[in-house]
J.: 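Dropping the structure in here first, questions after.
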Amino acid sequence: MRSVGRRGNAFSLAILLKPCCTLAHARQLHANVVAEGHLQDALLATSLMRSYMNCGAAESVCKVFDEMLVKDTVAWNVLITCYARNKRTKDTLKLFDEMRSESEAEPDEVTCILLLQACTSLGALDFGEQIWEYAMEHGYGCELKVRNSLITMYTRCGCVQKAYEVFCGTPRKSVVTWSAMISGLAANGFGKDAISAFEEMSKSGVAPDAQTFTGVLSACSHSGLVDEGFRFFDMMRYEYQMMPNVRHYGCIVDLMGRACLLDEAYMLVVKEMRVAPDATIWRTLLGACRIYGHVDLGEKVISHLIELKAQQAGDYVLLLNTYAANDT
DNA sequence: GTAGGGTTAG
């Protein structure tokens with residue numbers, strides 16, 4: 001590892017903080033930053049926070065934050081991101097109040113996005129609406145990414161109508177806006193509306209991507225729209241030349257399972273899929289076997305699940321051996 | 001070369 005010279009300025013230190021740096025690298029640079037007296041350089045300190053965050057060193061992220069005398073908005077946002085990634089969702093929300101009461105840094109649109117995401121995973125509707133109110137009051141109400149996050153928050157909280165109102169009030173909808181609405185409709189049982197939205201999107205000239213298809217395929221499986229599901233699956237493969245991923249196959253297997261096409265679903269997974277099936281796909285199929293009392297196939301599926309788990313365990317052993325080899 | 005929008009199923 002190259003150490004930073006005595007003359008190294010804050011800028012050159014920031015350059016050295018590559019996003020993929022190791023924990024040891026981050027600690028070395030942290031020491032250099034302190035030694036050179038650059039900890040009060042906000043860009044450098046937040047770069048360091050990000051590096052620690054990417055190494056999973058949440059405590060060090062907090063430490064750098066605490067050491068900063070002037071905590072700017074980005075520093076708060078990195079801290080919030082770090083909390084959210086560590087599933088400390090309730091604490092994430094507390095940071096919003098803390099930020100507003102004891103800091104000179106104001107929450108910006110990124111803060112709003114991060115907090116709306118936290119509300120989505122918590123199902124915290126009231127808090128989410130407070131964030132939205134703040135966003136509107138401070139001129140972030142038209143930001144597309146904020147609106148997209150709000151649509152997702154509303155649909156995850158079951159407020160499809162409110163999500164739809166925000167969606168309709170959004171003038172330049174991106175593929176993300178459309179996909180959020182389509183997935184939201186799908187998850188709340190409005191399969192046909194999700195399909196209509198997909199068609200409306202195509203008419204408006206926005207091209208679907210892989211996640212849009214995940215949304216519309218899940219709409220079909222949720223609402224038992226088997227023929228439509230296959231039509232969209234063909235559309236994605238042949239018209240849009242997209243390679244289905246494990247989630248797309250997950251939807252198709254779910255769709256076939258609901259249509260009692262159990263053996264066909266099994267053949268699709270073992271013969272046709274070009275991607276490795278995950279435990280979710282097998283569990284989906286197992287669920288369908290249970291519903292229809294298809295015991296023989298259920299046993300086969302269970303053996304695949306066991307095999308998958310054994311393989312995962314093997315991967316961990318391999319990983320452990322790698323660490324052991326590096327330590328000596 | 002600081003943080004940030006939408007993904008299946010159970």
Side-chain angles (χ1 to χ4, degrees), chain A residues 10-21 41-54 61 64-65 68 72-85 95 105 107-118 120 140 143-156 163 166-167 170 173-187 197 201 206 208-222 229 244-255 257-258 277-288 290-291:
Chain A
F11 181 65
S12 69
L13 282 164
I15 288 172
L16 287 168
L17 285 165
K18 294 269 160 50
C20 54
C21 77
D41 181 296
L43 174 65
L44 194 44
T46 49
S47 299
L48 191 57
M49 285 172 72
R50 184 210 53 182
S51 298
Y52 274 134
M53 180 171 71
N54 290 336
V61 175
V64 175
F65 181 80
M68 291 174 77
D72 66 4
T73 301
V74 177
W76 279 94
N77 288 347
V78 178
L79 187 70
I80 290 170
T81 306
C82 183
Y83 272 47
R85 284 196 196 169
L95 287 177
D108 66 359
E109 80 275 19
V110 176
T111 320
C112 294
I113 292 165
L114 292 167
L115 292 166
L116 283 169
Q117 290 171 334
T120 300
Y140 308 127
E143 292 277 343
L144 189 59
K145 290 182 182 183
V146 173
R147 297 183 76 91
N148 293 342
S149 303
L150 182 68
I151 291 168
T152 302
M153 194 280 289
Y154 271 140
T155 61
R156 287 285 173 81
V166 177
F167 173 80
T170 305
K173 300 174 185 66
S174 70
V175 64
V176 175
T177 318
W178 284 101
S179 303
M181 196 64 240
I182 291 169
S183 301
L185 287 165
M201 178 184 90
V206 175
D209 67 7
Q211 290 192 48
T212 323
F213 277 110
T214 303
V216 80
L217 288 173
S218 81
C220 296
S221 75
H222 275 249
N245 63 30
V246 72
R247 281 179 280 271
H248 299 122
Y249 279 110
C251 293
I252 290 296
V253 167
D254 188 53
L255 192 77
R258 283 172 203 250
D278 61 359
T280 300
I281 286 197
W282 290 125
R283 267 191 231 111
T284 303
L285 191 52
L286 185 61
R290 190 171 52 83
I291 288 166

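Residue numbering restarts at 1 for every chain, and letters A, B, ... go by the order of the sequence lines. Fair warning: this is a prediction, and the values are worked out from it, not measured in the lab.
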J.: Compare side-chain N and O positions of A:Gln211 against OP1 and OP2 of B:dT8 and report whether any pair is under 4.0 Å apart.
T.: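 For A:Gln211, the contact criterion (side-chain N or O under 4.0 Å from OP1 or OP2 of B:dT8) is not met.
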J.: Could you state the CZ-C1' distance from A:Arg283 to B:dT8, rounded to the nearest angstrom?
T.: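 It works out to 12 Å between those atoms.
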J.: Between A:Asp108 and A:Thr111, do the side chains contain an N or O donor and an N or O acceptor separated by less than 3.5 Å?
T.: yes
J.: Looking only at N and O atoms, is any donor in the side chain of A:Thr111 or the base of B:dG4 less than 3.5 Å from an acceptor on the other one?
T.: no
J.: Taking 4.0 Å as the cut-off, does a side-chain nitrogen or oxygen of A:Arg258 come that near to OP1 or OP2 on B:dG10?
T.: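 For B:dG10, OP1 or OP2 has a side-chain N or O of A:Arg258 closer than 4.0 Å.
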J.: Could you tell me whether A:Thr73 contacts a base, only the sugar-phosphate backbone, or nothing, with contacts defined as non-hydrogen atoms closer than 4.0 Å?
T.: nothing
J.: Check every strand shown and say whether A:Leu144 touches a base, only sugar-phosphate, or nothing at a heavy-atom separation below 4.0 Å.
T.: base
J.: Across the strands shown, which category fits A:Glu143 at heavy-atom distances under 4.0 angstrom: base, sugar-phosphate, nothing?
T.: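 The answer is nothing, as A:Glu143 stays clear of every strand by at least 4.0 Å.
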J.: Taking the side chain of A:Ile113 as its heavy atoms from C-beta onward, which of B:dG4, B:dA3, B:dT8 lies nearest to it?
T.: B:dG4
J.: Among B:dT8, B:dG5, B:dA3, find the nucleotide with the atom closest to the side chain of A:Lys145.
T.: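 Looking only at heavy atoms from C-beta outward on A:Lys145, the closest nucleotide is B:dG5.
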J.: Does A:Ser149 make a side-chain donor-acceptor contact with the base of B:dG5, cut-off 3.5 Å?
T.: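 Absent.
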J.: Between B:dG4 atom C1' and A:Ile80 atom CD1, what is the distance in whole Å?
T.: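 Roughly 11 Å, once rounded to whole Å.
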J.: When you check the phosphate oxygens OP1 and OP2 of B:dG4, does a side-chain N or O of A:Arg50 lie under 4.0 Å from one of them?
T.: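 Answer no for this pair, as no side-chain N or O of A:Arg50 is under 4.0 Å from OP1 or OP2.
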J.: At under 4.0 Å between heavy atoms, what does A:Arg290 touch on the DNA or RNA strands: base, sugar-phosphate, or nothing?
T.: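 Answer is nothing: A:Arg290 stays at 4.0 Å or more from every strand.
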J.: Just how far, in rounded Å, is C1' of B:dA3 from CE of A:Met68?
T.: 12 Å
J.: As a test of reading the structure: which of B:dG4, B:dG6, B:dA3 is closest to the side chain of A:Asn77, going by heavy atoms?
T.: B:dA3
J.: Does B:dG4 have its OP1 or OP2 closer than 4.0 Å to a side-chain nitrogen or oxygen of A:Gln117?
T.: no
J.: Checking all strands, does A:Val175 fall into the base, sugar-phosphate, or nothing category for heavy-atom contacts under 4.0 angstrom?
T.: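 Here A:Val175 touches the bases of the nucleic acid.
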J.: Which listed nucleotide (B:dG4, B:dG5, B:dT8) is nearest to the side chain of A:Thr81?
T.: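 Closest of the options to the side chain of A:Thr81: B:dG4.
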J.: How many Å lie between CG on A:Leu150 and P on B:dG4, as a whole number?
T.: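 It works out to 19 Å between those atoms.
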J.: Just compare B:dT8, B:dA3, B:dG6 and give me whichever is closest to any side-chain atom of A:Thr152.
T.: B:dG6
J.: Where do A:Leu185 and A:Ala197 come nearest, in terms of heavy atoms and distance?
T.: CD1-CB, 4.3 Å
J.: Strictly by modelled atom types, are A:Thr170 and A:Arg147 linked by a side-chain donor-acceptor pair under 3.5 Å?
T.: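 A pair is found: one side chain offers a donor N or O, the other an acceptor, under 3.5 Å apart.
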J.: Once side-chain hydrogen bond (donor to acceptor under 3.5 Å, both in side chains) is applied, what residue pairs with a partner in residues 174-184 of chain A remain, sequence neighbours excluded?
T.: A:Asn148-A:Thr177, A:Ser174-A:Thr177, A:Ser179-A:Thr212
J.: To the nearest Å, how far apart are A:Leu43 CG and B:dA3 P?
T.: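 For the pair A:Leu43 CG and B:dA3 P, the rounded distance is 10 Å.
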J.: Which nucleotide in the set B:dG6, B:dG5, B:dT8 lies at the smallest distance from any side-chain heavy atom of A:Ala180?
T.: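 The answer is B:dG6, which lies nearest to the side chain.
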J.: To the nearest angstrom, how far is A:Leu114 atom CG from B:dG6 atom P?
T.: 10 Å
J.: In whole Å, I'd like the distance from the CG atom of A:Asp41 to the P atom of B:dG1.
T.: 18 Å
J.: Just how far, in rounded Å, is C1' of B:dG1 from CE of A:Met49?
T.: 18 Å
J.: Side chain of A:Ser179 only, please: which of B:dG10, B:dG6, B:dA3 is the nearest?
T.: B:dG6
J.: Answer with yes or no whether the side chains of A:Asp254 and A:Thr284 bring together a donor and an acceptor at under 3.5 Å.
T.: no
J.: Check A:Val78, A:Leu79, A:Asn77 against A:Leu114 for a side chain to side chain contact (heavy atoms under 4.5 Å, CB included) and give me the one that passes.
T.: A:Asn77
